[in-house]
**Q** 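This is the structure I have questions about; it appears just below.
Atom set for the values below is all heavy atoms of this structure, side chains included, hydrogens, waters and symmetry mates excluded.
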Amino acid sequence: MNAVELNEELSGFGALLLASAVKSIYPTVKLGGGSVGEFGYYFDFEFSVPVKTEDLSKIEDEMKRLGKRAEVSVMEKTKSEAVKLFDKSGEPFLVELAGTRKGKIGIVKLGNTSVVADFAICEKSPSVVKLTQITGAYWKGDAKNKMLTRIYGVAFKSKDELAKYHEWQEDIKRRDHNKIGRELEYFTTDPMIGQGLPLILPKGARIIKTLQRWVEDEEEKRGYMQVYTPDLTKSDLFKASGHWTHYKDGMFVIGDERLDDEVFALKPMNCPFHIAIYKSQIRSYRDLPIRISETGKQYRNENSGEMHGLTRVRQYTLSDAHIFCRPDQVQQIFDECLQLTDFLVRSLGIQDRIWYRFSKWDPNNREKYIDNKEAWEKSEAVIREVLVRNKMKFVEAADEAAFYGPKIDIQAKNVYGKEDTLFTVQLDFALAEKFGLSYIDENGQKITPFLVHRASLGAYERTFAFLLEHFAGALPVWLSPTQAVVMGITNKQDDYVDEIFKNLRGKLRIEKDIRAEKVGYKIREHSKKKIPYLIVVGEKEREEGKISVRTREGSDLGTMNIEEFFGLGQFNAPTE
RNA sequence: GCUUCCGUGGCGCAGCAGGUAGCGCACGUCAUUGGUAAUGACGAGGUCACGGGUUCGAAUCCCGUCGGAAGCUCCA
């Protein structure tokens, strides 16, 4: 089921009703701001008394009451004109809503107060309003500021639409990787082990391993050299890279800086290790580009509220690589990195779910970024050219770069509509110099190479989570931990089931089911586990030396021989 | 980390004006050998997240801790 289209003008009205109703019930409340979007609408308030979930129904009732009485006018006026209008005639309160403006403003008169919205609203009050949740949100989106109370809601023309909305919410839960990943026995967690430290169960491990082998093989074809580096290092390494000052709080540090001679840390990233590998030899311009890749673990001490399923964890495995190249090779390297990612994305069939983000620095945020305006401008120009030349659609985002350089992020949304970075290609003009890297050019001069950081398939845990949600658990055949189950109509076929099982074992991931249950029941059980092919055999099949095949979706593919079965789908990882 | 909500057997839930736990699925045993999405009978499984308090008595009320969810903030 697709996302329910939430009408922005209805939502705008809903937000106004919400603000008005809250003002009516809590006269001392201070209004923050609001917004409408895919989630419906929200409004922020500063209450003088704590307001909780149980108060929502009261506010909802007031919204319904006000909705019936509201006099609405949609005016072709600017915000300041509207405020002037009300300056004469009473006490309006101005509501500013972020979102799409349609050149109009909405004014809702509610008794002796009025709400002016710098936002398009519909002319008729929504007949159904529903408040969906109440949470906190920082004033102006800054954690240093006071936390306001944010109330979310939806508004509809009819109860049918509300019912559809509820259905959609249910569907979201059915796709949520954090739910189905546990149901399908792909992963679990244990409070004794800790937050953000999932246990990947055998079936989940098979999926991740399949992805990993696929990516590693593909990278090897493309000139990457795989390495292993330690999970642990002396703090000196991250002091040299600059990470210690930027991110010490987010690292797992072993030892106490004040007491111990040597302090260690679990690696929060692989770059300094790959840099050390580069540095272990003298490099010639002929050697470049050098592509060092690693299926590397990373450890980051995320704050407790920031962990989520497999998407945001404290330990994860990155399809990581660092490419050291000459200045004249940077664009070519970016091209090939994007081509690899594009191949992976298309092979997985998720090209319509991702978009490219050009993540730039913010010259005003001096704490976060390396202070070298010229280098930033130059490297951003390089990336822009790559994007433009490849005719790629992308969004630009200021203040989203890494501290050492700009990047191209491949973004996606989870089932709840929350955006995450799936893959990334980053240009680094700083670390190579910090570590004193060089190569010898054709004139015998020492030159500092450029460094490109990239994660071809991102973090396996996160990509796995995304795929589970995208396919609602029904992964492509080649990724399925069990690709087929063979079962008999009765136990009289146990020997034939075993024969088919042994015949197929090693050629695909197959299981057999000889439980003394009705075959319909067994089919249902395995379909629920999202196993792509269900092979059923009885006396008829045995006599003909064939098999009957059904899919997890319920279609009957009929009777066929083994060769025909292999023609049904792609059992192995895609290649170019 | 902050805000709100939540925590009863593997999963989904009921029980909560306080009187030491129930249902469905799953699981086990037996019977059934059935031609395509739930065969039947019987059975096992829980100190109601943990710790403390109130009480003659707490799953139920109060406090704290841990864990989960969504939102905010953050993500090298």
**Q** Counting the atoms with a prime plus P, OP1 and OP2 as sugar-phosphate, which does A:Gln298 contact under 4.0 Å by heavy atoms, base, sugar-phosphate, or nothing?
**A** nothing
**Q** Between B:rU33, B:rU36, B:rA70, which nucleotide has the shortest distance from any of its atoms to the side chain of A:His308?
**A** B:rA70
**Q** Figure out the CG/C1' separation between A:Asn303 and B:rC75, and round it to whole Å.
**A** 10 Å
**Q** Can you figure out which of B:rG71, B:rA26, B:rU4 approaches the side chain of A:Glu525 most closely?
**A** B:rA26
**Q** Tell me: CD of A:Glu517 to C1' of B:rU39, nearest whole Å?
**A** 8 Å
**Q** Over all strands shown, is A:Arg150 touching base, sugar-phosphate only, or nothing at heavy-atom distances under 4.0 angstrom?
**A** sugar-phosphate
**Q** Look at all strands and tell whether A:His453 reaches a base, only sugar-phosphate, or nothing, counting heavy atoms closer than 4.0 Å.
**A** nothing
**Q** B:rG34 P sits how many Å from A:Gln493 CD, rounded?
**A** 9 Å
**Q** Without decimals, in angstroms, what is the distance between A:Leu310 CG and B:rA69 P?
**A** 11 Å
**Q** Using the P atom as the reference point in each nucleotide, state the distance between B:rA26 and B:rA69 in Å, no decimals.
**A** 27 Å
**Q** Base, sugar-phosphate, or nothing: which does A:Arg312 touch, judged by heavy atoms less than 4.0 Å apart?
**A** base
**Q** Under 4.0 Å, heavy atoms only, any strand: does A:His243 hit a base, just the sugar-phosphate, or nothing?
**A** base
**Q** When all nucleic acid strands are considered with a 4.0 Å heavy-atom cut-off, which category describes A:Arg552: base, sugar-phosphate, or nothing?
**A** base
**Q** Within this structure, what is the CE-to-C1' distance between A:Met147 and B:rC72, rounded to whole angstrom?
**A** 5 Å
**Q** Does the A:Arg454 side chain pair with the main chain of A:His322, one donor and one acceptor, at a distance under 3.5 Å?
**A** no
**Q** Compare the ring of A:Tyr247 with the six-membered ring in the base of B:rA76 and state whether they stack (centres under 5.5 Å, planes under 30°).
**A** yes
**Q** Partner lookup for B:rG12, please. Criteria are Watson-Crick or G-U wobble with both distances under 3.5 angstrom; report none if nothing qualifies.
**A** B:rC23
**Q** Which part of the nucleic acid, if any, lies within reach of A:Asp556 when heavy atoms closer than 4.0 Å are counted: base, sugar-phosphate only, or nothing?
**A** nothing
**Q** Counting just side-chain N and O atoms, does A:Tyr521 come under 4.0 Å of either OP1 or OP2 of B:rA26?
**A** yes
**Q** Considering only side-chain heavy atoms of A:Lys418, which listed nucleotide, B:rG71, B:rA76, B:rG1, is closest?
**A** B:rG71
**Q** Counting the atoms with a prime plus P, OP1 and OP2 as sugar-phosphate, which does A:Lys528 contact under 4.0 Å by heavy atoms, base, sugar-phosphate, or nothing?
**A** nothing
**Q** How is A:Glu541 classified with respect to the nucleic acid when contacts are heavy atoms under 4.0 Å: base, sugar-phosphate, or nothing?
**A** base
**Q** Among B:rG71, B:rU33, B:rC27, find the nucleotide with the atom closest to the side chain of A:Ala516.
**A** B:rU33
**Q** Using both distances under 3.5 Å as the test, list the Watson-Crick or G-U wobble partner of B:rG51, or none.
**A** B:rC63
**Q** Looking at B:rC72, which nucleotide sits across from it as a Watson-Crick or G-U wobble partner, both distances under 3.5 angstrom, or is there none?
**A** B:rG1
**Q** Of the listed nucleotides (B:rG68, B:rA70, B:rG34), which one gets closest to any side-chain atom of A:Gln195?
**A** B:rG68
**Q** Does B:rU39 have a Watson-Crick or wobble mate here (both distances under 3.5 Å), and if so which one?
**A** B:rA31
**Q** So, does A:Gln483 use its side chain to make a donor-acceptor pair with the main chain of A:Ile510 at under 3.5 Å?
**A** no
**Q** Hey, does A:Ile134 reach any base, or is it just sugar-phosphate, or nothing, if we go heavy atoms under 4.0 Å?
**A** sugar-phosphate
**Q** Output the single nucleotide from B:rG35, B:rA76, B:rA70 whose closest atom is nearest the side chain of A:Asp176.
**A** B:rA70
**Q** With a non-hydrogen cut-off below 4.0 angstrom, is A:Gly141 in contact with a base, only sugar-phosphate, or nothing?
**A** sugar-phosphate
**Q** Which nucleotide in the set B:rA70, B:rG1, B:rA76 lies at the smallest distance from any side-chain heavy atom of A:Tyr416?
**A** B:rA70
**Q** Does NZ or CZ of A:Lys144 lie under 6.0 Å from the centre of the six-membered ring of A:Tyr138, at an angle within 45° of the ring axis?
**A** no
**Q** Measure from the side-chain heavy atoms of A:Tyr152 and tell me the nearest of B:rU36, B:rG67, B:rC72.
**A** B:rC72
**Q** Could you tell me whether A:Glu553 contacts a base, only the sugar-phosphate backbone, or nothing, with contacts defined as non-hydrogen atoms closer than 4.0 Å?
**A** base
**Q** Calculate the interatomic distance between A:Met307 atom CE and B:rA70 atom P; express it in whole Å.
**A** 12 Å
**Q** Take atom CD of A:Glu185 and atom P of B:rA26, then tell me their distance rounded to the nearest Å.
**A** 14 Å
**Q** Does A:Ser527 reach a base, just sugar-phosphate, or nothing at all? Heavy atoms under 4.0 Å.
**A** base
**Q** Going by side chain to side chain donor-acceptor pair (under 3.5 Å), A:Tyr316 matches just one of A:Gln298, A:Lys297, A:Glu461. Which one?
**A** A:Gln298
**Q** Would you mind classifying the nucleic acid contact of A:Phe39 as base, sugar-phosphate or nothing, using non-hydrogen atoms under 4.0 angstrom?
**A** nothing
**Q** In the structure shown, which nucleotide is the Watson-Crick or G-U wobble counterpart of B:rA58, with both distances under 3.5 Å?
**A** none
**Q** Looking at B:rG1, does its base get a donor-acceptor pair with the side chain of A:Tyr138 below 3.5 Å?
**A** yes
**Q** Is NZ or CZ of A:Lys239 both nearer than 6.0 Å to the six-membered ring centre of A:Trp244 and within 45° of the ring axis?
**A** yes
**Q** Quickly work out the A:Glu54 CD to B:rU3 C1' distance and round it to whole Å.
**A** 15 Å
**Q** Which one, B:rU39, B:rA76, B:rA70, comes nearest to the side chain of A:Thr135?
**A** B:rA70
**Q** Go through B:rG34, B:rG71, B:rA76 for me and flag the one nearest to the A:Phe403 side chain.
**A** B:rA76
**Q** When you measure from the side chain of A:Trp361 to the backbone of A:Ile370, do you find a donor-acceptor pair of N or O atoms at a distance under 3.5 Å?
**A** no
